[in-house]
Amino acid sequence: MERLTLYVPAMYADHHVLRVRQILSELEGVANIVASSAAKRVILEYDPTHISPPDIERTLSDAGYPPNQDLPLPKLPNHPEDGSAWYSLIQRVTETERKDLEMAGDFRRY
Amino acid sequence: MSRYIAKAAIRGANLIVSEAEKMLQEAIKELGPETPVVFTNTAYYLPVILGFTGIEVQTLGDLQQVIDYAKKLLHPVPGDTLWLPYLGETLDCGVATLLAEEAIEGIRFARGLQPEPIPGLQLTGTSFTSPDGNSQEEEGGFANGPIDDVQLRAWGIQLVDGRMPGFAAIVGAARSNEAAVSIVRELQQRNILVFLSGNVNGRSIIHQLMEEGVEMGYDTYIVPFGTDTISAIYALGFATRSALTFGGLSGGQARDILLYNKYRVFAFVLALGEVDDLKYATAAGALNYGFPVIADTVIPQILPTGITQYEHVISMPFDDIEGETDAEKARRLVQRCIEVRGIKVKITEVPIPVPYGSAFEGERVRRADMRIEFGGRNARAFEYLRMADFDEVEDGKITLIGPSFEDVEVGGAMNLGILVEVAGRKMQEDFEPVLERQIHYFINGASGVQHIGQRDITWIRFSKAAVEKGFQIKHLGEILYARFHADFGSIVDKVQVTLITDEELFQEWLQKAREAYQARNIRLADMTDESVDEFYSCTLCQSFAPNHVCIVSPERLGLCGAYNWLDCKASYQINPTGPNQPVPKGICLDPVYGVWQGPNEFVYQNSHGTVERVSMYSIMRDPMTACGCFECIAMVIPEANGIMVVSREDPSMTPVGMKFSTLAGIAGGGLQTPGMMGVGKYYLLSKKFISAEGGFKRVVWLSKILKETMRDELQAVCEREGVPDLLDKIADGDTATTIEELLAFLEEKGHPALTMDPIF
């Protein structure tokens, strides 16, 4: 068995870990899969007589997890002309409001 | 603010929002925009979305505006060179993440992918009458998914009175199974609700607990939501609904909902294992609620207080925690979580060989796991608490009279009498049943011990595991001694427990106990509103519903069903400055509607001027307000000239076209709504039940579960009202789900409400 480490930027959360593990575990000749969404890396062992790294990478790419390919971030509207929430909806305050002070306190004393 | 965290959270938020949008577009294309999106048994649509935006999502098409809203809250990922104060951006992105996560769960529901299948997972139910009862019927194999409104309300009273100090949202997987079990046991012992989600390398703490045979479900306070971080949104949905249900807030009041949670809902996030971008982003969402995050790995910390009351993000690497075993380290980790959130935990040390806490109250001991049972089909058990003179009671004396169960075969049964004798200067005979009823909760708190019933139909089981750890009959005495002193110390000075298995003595005391039960029944029946000079208030729920006041009289118990007049009286003795204060009746202003000067003044003052008058016996004129913990909702049906009563355990449709959960949104929050009120189910049996409008004869529709579980008591009420076959004339969910069906049913049966005076 040989070891392979892949950088999979699309695996940024643990629901993708479940999916990636499922895809890889269905491949013959692949074992001991470790997938980390924090490191965005998959480490696995494969049997070169059954499967090659390009095959593994292709399977992942087909499922939407292309190795070594950074995930494009969505394009955000330009602030502040777009009237986004940051500028229009949310009132930023620097002092504690009276209402907040009234809500504080040891109300659970009983 | 940590740039690392800000960067990860903002990146995670951007990615999850765009993923949610993509999923939504695909789902709309495949299923159509009109496909319903419904979380099970809730009136709050998708609660986080409702709370933040006021949008009532009902279809896939409705989710598009949510995604658009979330996109507006997104910010660009911080650059590597220019450092800025990123807190605002991070928090906004946290909210965007939560909106996207709930949208994803909504889409999954629309596709039938929620609750998540987890093969082999069996959840414990909510209520049962036999420990062997519904186990065969449970199909299992699924995570819990979102908590339903019924359960939220059922937990309401425990959340407000401090028995349940808060909740822990655990995300990921623990270092070892031993650590996982230890973490949840530590939280259970403190009665903290545990919500589970997330995974690390495909393995979740849910799997770990399953492997270790830990019971999960509502009954044990451990609720598995799913194996990914997205399902952690249900925990924040629970928090949002707490504010909507008990705080009288409405969808869209985002700021108030967040502040409510910061000050009133004691929750925290415990991230076990590695923390990825989405976990950072979700944590940022939780920070908005004032919920801190504690991780057991090395991550940057955010220590200054502000959005949260104490630190925001804490790193407590598991390897660095002092302790010889994983269990010991887990214990320290939980301690730290409690410190960071400032949770007030009230626990009583009980010297028994098994873990002890309210979270074990719902545990079942099935026949296969049982070492011995007392009561049930093959034996009898009773419990009797009586007041005695000081010199008759030796404090701390615990005696077993008769043989223990060593000679009884495994899985066998034997008779047991539990006699608790108490003495105290403030003790009164009226408090005997109040204290006796606590035996159920006290004994159930022991892990591996199950208590059902009361009086002479008590049924107690010890599990094999508990007995292996050394649990014996005398430990029941230890529990009762410790708990009565801790919880009722101000009225009880001395406690002595005698456990009787000796047959002759057992029969003798059983007889004495039955005589006492009979005497109490007569005393309670004689107790009327006219026979007392004062009622009691209950403002326990004001920590959640600030303007609500319950007035509890002998003939009208609290709407939660947990406090009757005697309970309140005892509670006042225990804590004279507590939530149960005597309310002198004063001048009677209207004997028919039940209006007195004293309760009016008390309610006005304690509802902060929002409620001016209260009628004790009317649903139409100045009815009592409700918090959110009510057992039933009574509501006028004008067409039928009567009222319907819906139980919170009834998830079905009512004739007014709304389910309990929707009705509850109108009835709760401390608002006075003529024609509608929250009531305790035993109030239905009272002579004073809406007596101003004609009493029980006005009931035209009743939840089937109430009809079935209270049939004998309700039958007695029908006879008292002079219509012995009234129960058969009252419709239920099987016979009428629309007004038309209801009217046809009432006409056919000749229901008396149709010929009574107009209710308006």
Side-chain angles (χ1 to χ4, degrees), chain A residues 8-25 32-44 64 70-80 82-94 96-97 99-110, chain B residues 8 11-12 14-19 21 69 71-77 88-89 92 104 160-162 165 171-172 197-202 204 226-231 255-256 259-260 262-264 266 273-279 281-282 297 309 344 539-540 542-543 546 575 577-579:
Chain A
V8 188
M11 194 178 65
Y12 71 93
D14 58 5
H15 59 291
H16 294 305
V17 168
L18 296 174
R19 181 86 187 106
V20 165
R21 285 181 58 86
Q22 190 197 352
I23 296 159
L24 292 175
S25 59
N32 297 331
I33 307 154
V34 176
S36 161
S37 48
K40 302 187 179 77
R41 276 177 172 78
V42 180
I43 303 169
L44 54 84
D70 274 323
L71 204 59
L73 289 173
K75 195 173 174 312
L76 293 178
N78 290 321
H79 300 298
D82 63 315
S84 73
W86 174 253
Y87 293 94
S88 60
L89 288 180
I90 310 215
Q91 292 173 355
R92 305 285 159 187
V93 288
T94 50
T96 310
E97 288 188 10
K99 196 175 167 189
D100 298 349
L101 287 172
E102 282 171 0
M103 280 183 78
D106 193 7
F107 60 92
R108 289 162 75 97
R109 193 170 297 152
Y110 168 69
Chain B
R11 188 171 52 218
N14 277 282
L15 291 171
I16 196 76
V17 171
S18 74
E19 189 174 336
E21 186 172 31
Y69 190 97
K71 278 160 82 176
K72 282 189 171 184
L73 290 166
L74 290 176
H75 293 272
V77 176
E89 286 93 329
D92 280 357
I104 290 176
V160 299
D161 72 6
V171 186
S197 54
N199 74 76
V200 174
N201 189 27
S204 170
T227 58
D228 60 22
T229 303
I230 296 175
S231 61
R255 188 170 176 281
D256 294 318
L259 285 171
Y260 182 93
K262 176 178 176 179
Y263 293 119
R264 291 163 195 256
F266 288 78
E274 62 175 19
V275 183
D276 56 37
D277 288 354
L278 185 63
K279 284 180 184 156
T282 309
T297 49
Q309 283 184 301
K344 312 262 187 297
T539 51
L540 194 59
Q542 284 206 344
S543 57
N575 182 4
T577 55

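Order of the sequence lines fixes the chain letters, A, B, ..., with proteins taken first and strands second; residue numbering starts at 1 for each chain.
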query = What's the shortest heavy-atom distance between E274(B) and S36(A), and which atoms?
reply = OE1-OG, 2.5 Å
query = Tell me, side chain or backbone of T282(B) under 4.5 Å from chain A's heavy atoms, or both, or neither?
reply = neither
task = Taking salt bridge (Lys or Arg N to Asp or Glu O under 4.0 Å) as the test, write out the residues that go with D276(B), two or more places apart.
result = none
query = Is there a side-chain contact between R11(B) and L71(A), using heavy atoms and a 4.5 Å cut-off?
reply = no
query = Who among I230(B), N201(B), V17(B), D228(B) has the most heavy-atom pairs with chain A under 4.5 Å?
reply = N201(B)
query = Counting distance only, does the side-chain N/O of D277(B) pair as donor-acceptor with the main-chain N or O of Y12(A) below 3.5 Å?
reply = no
request  = Return the option, out of L15(B), L278(B), I16(B), with the maximum number of heavy-atom pairs under 4.5 Å with chain A.
outcome  = L15(B)
inquiry  = Between V17(A) and chain B, with a heavy-atom cut-off of 4.5 Å, which part of the residue counts as in contact: side chain, backbone, both or neither?
reply    = side chain
Distance, nearest 0.5 Å, that separates CG of D14(A) from OG of S197(B) = 8.0 Å
key: Interface moiety of E21(B) toward chain A, non-hydrogen atoms closer than 4.5 Å   = neither
Which residues share a side chain to side chain contact (heavy atoms under 4.5 Å, CB included) with D70(A), sequence neighbours left out = Y7(A), P9(A)
